Structures are given as C-alpha cells and as structure tokens.
Amino acid sequence: YLDYARYHQATWDLLHRIGVGYACKGMLAEAYRYFEHATALDQSQSRPYHALGVLMLLRLDFEKAVTFFTRAVENDPRWSLPLLCLALTQ
C-alpha cells in the first residue's frame, strides 16, 4: 500500500486509515510504519500520534506512549481520547 500511497500523493489521513486497517488485522509493525508516514506528512494532526501511542501501550513501552499521547494532546487539546490515554499511563 505504501507504494500506492506514494504514487497517488497520499494524505496523512489516507496513511492513517491504512495504518488502522493493519492494526485491526494485528499487523502492528506495518501499522506503525503507516502512522509514522502520516506524521511525517503532517505533524499537526493528532490521530496518527494517538495511534502510535496506543501501539506503544501494546508494547508496554510507556515512555514512548506518553511522548506520542502528549504530542496528540498538544496538537488538539480539545480531543479527549489521547488526554485520557495520557492520564492512564501516569
């Protein structure tokens, strides 16, 4: 999918959605790659950072999870889900 996304001028949203699809299939390494690419395209979006935080929670890497959730909250303080996740990691 990544080659398709590159060829078709993918948006962060498309990459995020592909990442979610991989995560739902349990393909977490692939999901991580897509979320990273989404953040590279647009660092101001919260959803890919939140998704990366969730993946880090699944890996029990709380330090990285906090970093990603914090970035998601900074990008959109009104979105409560990453804020809740951040609180749960404390």
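Treat the numbers as computed from the prediction; the structure is a model and nothing was measured.
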Is there a path from Tyr32 to Ile18 through hydrophobic residues (I, L, V, M, F, W, Y) whose side chains come within less than 4.5 Å of each other?
no

May I have the list of side-chain donor-acceptor pairs in residues 49-56 shorter than 3.5 Å, sequence neighbours left out?
none

Tell me, which pairs form a salt bridge (Lys or Arg N to Asp or Glu O under 4.0 Å) where one or both residues lie in residues 23-32, sequence neighbours left out?
Glu30-Arg33

For Arg17, all residues meeting salt bridge (charged side-chain N to carboxylate O under 4.0 Å, His left out), sequence neighbours excluded:
Asp13

Hey, could you give me each pair passing salt bridge (Lys or Arg N to Asp or Glu O under 4.0 Å) that has a residue in residues 57-67? Not counting sequence neighbours.
none

Please determine which of Asp42, Leu15, Thr39 meets the side chain to side chain contact (heavy atoms under 4.5 Å, CB included) test together with Pro48.
Thr39

According to a hydrophobic-cluster definition based on side-chain heavy atoms being under 4.5 Å apart (Ile, Leu, Val, Met, Phe, Trp, Tyr only), do Tyr22 and Leu41 belong together?
yes

Gln90: what forms a side-chain contact (heavy atoms from CB on, under 4.5 Å) with it, not counting sequence neighbours?
Val66, Leu86

Single-linkage hydrophobic cluster Met27~Tyr34, side-chain heavy atoms < 4.5 angstrom:
yes

Treat each ILVMFWY residue as a node, draw an edge where side-chain heavy atoms are under 4.5 Å apart, and state whether Trp12 and Phe35 are in one component.
no

May I have the step-by-step check of side-chain contact (heavy atoms from CB on, under 4.5 Å) for Phe62 and Leu57, ending in yes or no?
CA-CA 6 Å; Phe62 298 107; Leu57 281 181; 3.6 Å; yes

Closest approach of Ala31 and Gly19, non-hydrogen atoms and distance?
CB-O, 3.3 Å

Using distance only, find each side-chain donor-acceptor pair of residues 74-84 under 3.5 Å and give its atom names and separation, not counting sequence neighbours.
{"unit_1": "Asn75", "atom_1": "ND2", "unit_2": "Gln43", "atom_2": "O", "d": "2.9"}
{"unit_1": "Asn75", "atom_1": "ND2", "unit_2": "Gln45", "atom_2": "O", "d": "3.1"}
{"unit_1": "Asp76", "atom_1": "OD1", "unit_2": "Arg78", "atom_2": "N", "d": "3.2"}

Is any side-chain heavy atom of Leu28 closer than 4.5 Å to one of Leu58?
yes

